[in-house]
Each structure stands twice: as structure tokens, then as C-alpha cells.
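Have a look at the structure below before the remarks.
Nothing here was measured: the structure is a model prediction, and the numbers come from that model. Below, chains carry the letters A, B, ... as their sequence lines are ordered, and counting in each starts from 1.
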2 protein chains.
Amino acid sequence: MTTSKSKQELYDIAGKLFSKKGYHGTTIREIAEARGILSGSLYTHISSKEDLLFHIVDDGAAAFLSALEPIVRGQDDPKTKLKSGLAAHIRVVTTQMDAAKVFLHDWTALGDVRRAQIQEKRDKYEALWSDLLAEGYAKGVFRGGDPKYLRILILSVGNWVYEWYKTSGELTPEGLADEFMAIILNGIATF
Amino acid sequence: MTTSKSKQELYDIAGKLFSKKGYHGTTIREIAEARGILSGSLYTHISSKEDLLFHIVDDGAAAFLSALEPIVRGQDDPKTKLKSGLAAHIRVVTTQMDAAKVFLHDWTALGDVRRAQIQEKRDKYEALWSDLLAEGYAKGVFRGGDPKYLRILILSVGNWVYEWYKTSGELTPEGLADEFMAIILNGIATF
DNA sequence: GTTACAAGCAAGCGATCGCTTGCTTGTAAA
DNA sequence: TTTACAAGCAAGCGATCGCTTGCTTGTAAC
């Protein structure tokens, strides 16, 4: 990342507020106050409020993509890829809760052009997951379950993490992925 | 529901806009325009913008609770209860997409008192699910999988439906519940 | 025919919104 | 010592926010 330290600090501050109160529920004056400057001074660093949103959301998209891509393109067996992929997704969410929530929650507040850019990256991420699962079915490692709804189930579980995860006293991303994988791989029914 | 027809129509209109643009992203003038009156005239029917939000969110909470409660308190076997419960949840989301999205998305914009009221109903709903799952484990119908994370997985899948469900050409709530249940009960791993 | 009231209009209130402008200041290179 | 510039302040712009007020109108009961 070529983003300077103070710029990143500003994104963190804005992300924290957007995450807590939503993009439209956060004012430029609140962001400036959290930064310790006046609202007008913010415009030395940004050109608009939407700029802040876009950078946060775009960084979030990049984090998800760069975490999953090497796993899908790698050589592990599908079961390992599935577990690693879910753990990677959960790690992105839990280690950047604010940015992840803004990415998942507020990206629709972007204008048409920038929202389309993010939509593209979301589609790309979804396609990576489809590839991962398709490989598992093709190699006979997975059976049953419609691939489409399996993908939806996995991403639902991964995305919803930001709604309930508390940073203290909780399982690690890998631990959480293990819990969910146990259910997804083996099911819960007795025979 | 004792809500008059025209009041409910207003909630529907507001719910649609809140769902699309968020609570803070929707203005009282937009709601009035969608209703075909001037913004000031809205206050013949409501006492504040937050009133609209609260009614929508509170109705949403009631819909989820009243759908799940008879299932949990009923006499079906746990496996049937689980499938019915998930189908009921998905039916609430898919038949009232706007209200469900506002309930899940924008309820935190409520003031302290009313947000606490909704939090209570959310906790109650979650407890119903815990009861349902606990019965399955107690009767030996479910095995493996931490009950806590099983509940989180189920609610994640059910809640995230509003993010991707399209009303046309999609499976019914029961069909979707079948798809997800096949994965959750039997898993996807080959042996 | 009168009364009563729900429903809406027209106008605009004070507050706050995102953002701009003109100016000052601290700092570091030349 | 001078120069240059990034960073921030002070003030306030026009627009829009949620909401209020005083008034009109359609309708239905008596």
C-alpha cells in the first residue's frame, strides 16, 4: 500500500464511524473532530466525503480478494482449500471489523461509477469461491448440496461474522472456521 | 394488526425507501413524495421520522417471533422443527424483503429506549432457536457441531437471504430451506 | 343546513449538512 | 536567512434537513 500513514489513519477513523453509525449517519464534522481538526481542514486530505467511503470499501474488496486468490490458485486438496478459504475470509472480517462492515454494509451508498467498480470486485470474489467449490465436486471430494447454495451458505456465514463477533474472548478465525467446517463437511444428523 | 390500511401503506412506502437507501439516507420529503403528499402533511400520521422506523422494525421483530414460536413449542421431531423453522425464517425475509432488511440493517439507528426494546425481541428470537437446537441434541437427533455455532450458522444463512434473493425465478422459501438443510444435516464430504 | 374533523396545502422555521475561501503557522530544504 | 509548502484555522456559503404553524377542503354524521 502506498497510502501514507496519516491518510491510513484518517481512513481508520472514518471507517470506525461509518461502521458504527453508517455512512449517511456520520457527518464530516464528526470525522474531523475524531481526528482532532476542524471540518474544513479535512479537505486538505480528501476531495469529498464519498472519497473516504470509496477508499475504505475498495481496500476491503482488495483484502478479501488477495486473501482468497492464492488459496484457490494453489495446489492443496479441495477440502483444505475450503477450510483455508473460510478461515481467510473470517480473518479479514475479524481483523478489520470496521472496514469489513462498511464494505458489506455501506458500499451501496457510492455513486454509480464507483459502485459499479466495487460490484465488479464482488463478482470476482464470488467467482473465486465458485471455482473452489467446483473443483471439489469435480474431484469427487464433495457430494450432495447444490454448489450455488453451498456457496451462498458459506459466504452468508462468513459475512455475518461482523454482526456478532466480539474481539475479546472469542475463537480465532481458524477456530471459527473449524467449527463451521465440521458442520458443513459432516452434517449434524444422526443416522 | 390494528394498524389502519392507510397507515400500513405509509409503513410500506417508508420501508421500501429505508431498505433501498438506508434510514439516514432517506428524507422525509422523499417519503412524502412517494405517498403523493407534501412533507409537512406526513405529520398528520406520524409524530417523527423515527416513529416510522420503529414501527417497521417492531413489526419485523413480531413477524419473526410469531413465525418461529409455534414451531418451537410444537410437537414435531427436532429435525422437522429445524427444517420448518428455517423455512419460516426465510419466508418472513422473502415475503417482506423491505421490512426484513430494515429490521436487520437499520434498527441500530433507533434511539436508546426503542433500540433496547428491539434488542430484547432479538434476544428472545435467538433464545427460541437455542431451545430448538438444544432439544435436538438432547434427544440424540443431532450430533457434532457446537450448538452455539450451529445456531450462528443457521441464522447467518437465514438473515443473509435479503442480500441476494430475487423475487422472480427463485426457489420458494421451503425449497431454499431444503437446499440448506441438505447441507446442514448430511454435510458435503465424501467418506 | 350545520357541525365536526380528518387530511392535506403553503410557507417557512432553526439547525445542520458538505464544502469553499482567504489566511496563518510550523518545518525543512536551499 | 530565505523560500516553499503541507497542514490547519476561522468564517461562512448555499442547500437541505426534520419539523411546525395557520389555514383550506372534502366528507359524513346529525
Side-chain angles (χ1 to χ4, degrees), chain A residues 1-58 102 105-115, chain B residues 1-58 102 105-115:
Chain A
M1 192 60 58
T2 56
T3 307
S4 75
K5 192 190 160 195
S6 73
K7 266 242 165 64
Q8 187 57 50
E9 185 203 345
L10 182 57
Y11 296 146
D12 289 345
I13 289 171
K16 197 168 176 175
L17 287 166
F18 290 166
S19 165
K20 186 179 178 188
K21 321 179 56 164
Y23 174 70
H24 289 301
T26 303
T27 69
I28 220 72
R29 283 172 176 81
E30 288 174 324
I31 297 170
E33 189 186 16
R35 176 65 207 277
I37 60 179
L38 295 184
S39 68
S41 306
L42 268 184
Y43 291 84
T44 303
H45 309 284
I46 62 171
S47 62
S48 72
K49 185 188 177 188
E50 205 197 281
D51 257 23
L52 282 171
L53 178 61
F54 178 72
H55 275 102
I56 294 165
V57 168
D58 198 47
V102 173
H105 222 96
D106 293 324
W107 71 286
T108 52
L110 288 168
D112 289 343
V113 175
R114 288 168 146 180
R115 195 176 62 249
Chain B
M1 194 58 58
T2 57
T3 308
S4 75
K5 191 190 161 197
S6 72
K7 267 242 164 67
Q8 186 58 51
E9 186 203 345
L10 183 56
Y11 296 146
D12 289 344
I13 289 171
K16 197 169 177 175
L17 287 166
F18 289 166
S19 165
K20 186 178 176 189
K21 322 179 52 165
Y23 174 70
H24 289 300
T26 304
T27 70
I28 221 70
R29 284 172 176 82
E30 287 173 324
I31 297 169
E33 190 186 15
R35 176 66 205 277
I37 58 180
L38 294 184
S39 68
S41 307
L42 266 184
Y43 290 84
T44 303
H45 309 285
I46 62 170
S47 62
S48 72
K49 186 188 178 188
E50 203 198 282
D51 257 23
L52 282 171
L53 177 62
F54 178 72
H55 275 103
I56 294 166
V57 169
D58 198 46
V102 173
H105 223 96
D106 292 324
W107 71 286
T108 50
L110 288 168
D112 288 343
V113 175
R114 288 167 145 182
R115 196 177 61 248

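Atom pair A:Ile46:CD1 and D:dA7:P shows a separation of 14 Å (rounding to whole Å applied). To the nearest angstrom, C1' of C:dA6 lies 12 Å from CZ of B:Arg35. Straight-line distance from the CD1 atom of B:Ile31 to the P atom of C:dG8: 15 Å, rounded to whole Å. In this structure, CG of A:Asp51 is placed 13 Å from C1' of C:dC19, rounded to the nearest angstrom. To the nearest angstrom, C1' of C:dA7 lies 13 Å from CD of B:Glu9. Here D:dG18 presents its P atom at 7 Å from CZ of B:Arg29, a figure rounded to the nearest Å. Here the C1' atom of nucleotide C:dT20 and the NZ atom of A:Lys49 are 17 Å apart, to the nearest Å. Here D:dA10 presents its P atom at 18 Å from OH of A:Tyr43, a figure rounded to the nearest Å.
In this structure, of C:dC9, D:dC17, D:dC9, it is D:dC9 that holds the atom nearest to the side chain of A:Leu38. Ranking D:dA7, C:dC9, C:dG18 by closeness to the A:Ile28 side chain, first place goes to C:dG18.
Looking at B:Phe18, B:Tyr11, B:Trp107 one by one, the single match for ring-ring contact (aromatic ring centres under 6.0 Å, His included) with B:His55 turns out to be B:Tyr11.
Annotation: cation-pi geometry not satisfied between B:Lys49 and B:Tyr43 (NZ/CZ under 6.0 angstrom from ring centroid, within 45° of ring axis).
Contact annotation: A:Thr44 does not reach the phosphate of D:dA6 (side-chain N/O to OP1 or OP2, under 4.0 Å). The side chain of B:His45 contributes no N or O atom lying less than 4.0 Å from OP1 or OP2 of C:dA6.
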Starting from the C-alpha separation in whole Å, work towards a yes-or-no answer on side chain to side chain contact (heavy atoms under 4.5 Å, CB included) for B:Val57 and B:Asp106. CA-CA 8 Å; B:Val57 169; B:Asp106 292 324; 5.8 Å; no

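Counting only distance, with no hydrogens or angles, the side chain of A:Arg29 and the backbone of A:Ser39 share no donor-acceptor pair below 3.5 Å.
Distance check: B:Asp12 CG to B:Ile56 CD1 gives 8.0 Å after rounding to the nearest 0.5 Å.
Consecutive pairing runs in DNA chain D reach the stem threshold at C:1-30 with D:1-30, where a stem means at least three Watson-Crick or G-U wobble pairs with distances under 3.5 Å.
B:Ser48 comes within contact range of the sugar-phosphate backbone alone, with a heavy-atom separation under 4.0 Å but no base atom that close.
For A:Ile37 and B:Gly40, each mapped to the nucleotide of DNA chain D holding its nearest heavy atom, the one lying further toward the 5' end belongs to A:Ile37.
Between A:His24 and B:Lys21 there is no side-chain heavy-atom pair separated by less than 4.5 Å. At a threshold of 4.5 Å between non-hydrogen side-chain atoms, the residues B:Leu10 and B:Ile46 count as touching. With a 4.5 Å cut-off on side-chain heavy atoms, A:Leu110 and A:Phe54 count as touching.
Remark: A:Glu50 CD is packed, more than 12 non-hydrogen atoms of other residues, nucleotides or ligands lying under 6.0 Å away.
Within residues 13-27 of chain B, the residues approached by DNA chain D to less than 4.0 Å at the level of any non-hydrogen atom are B:Thr26, B:Thr27, in residue-number order.
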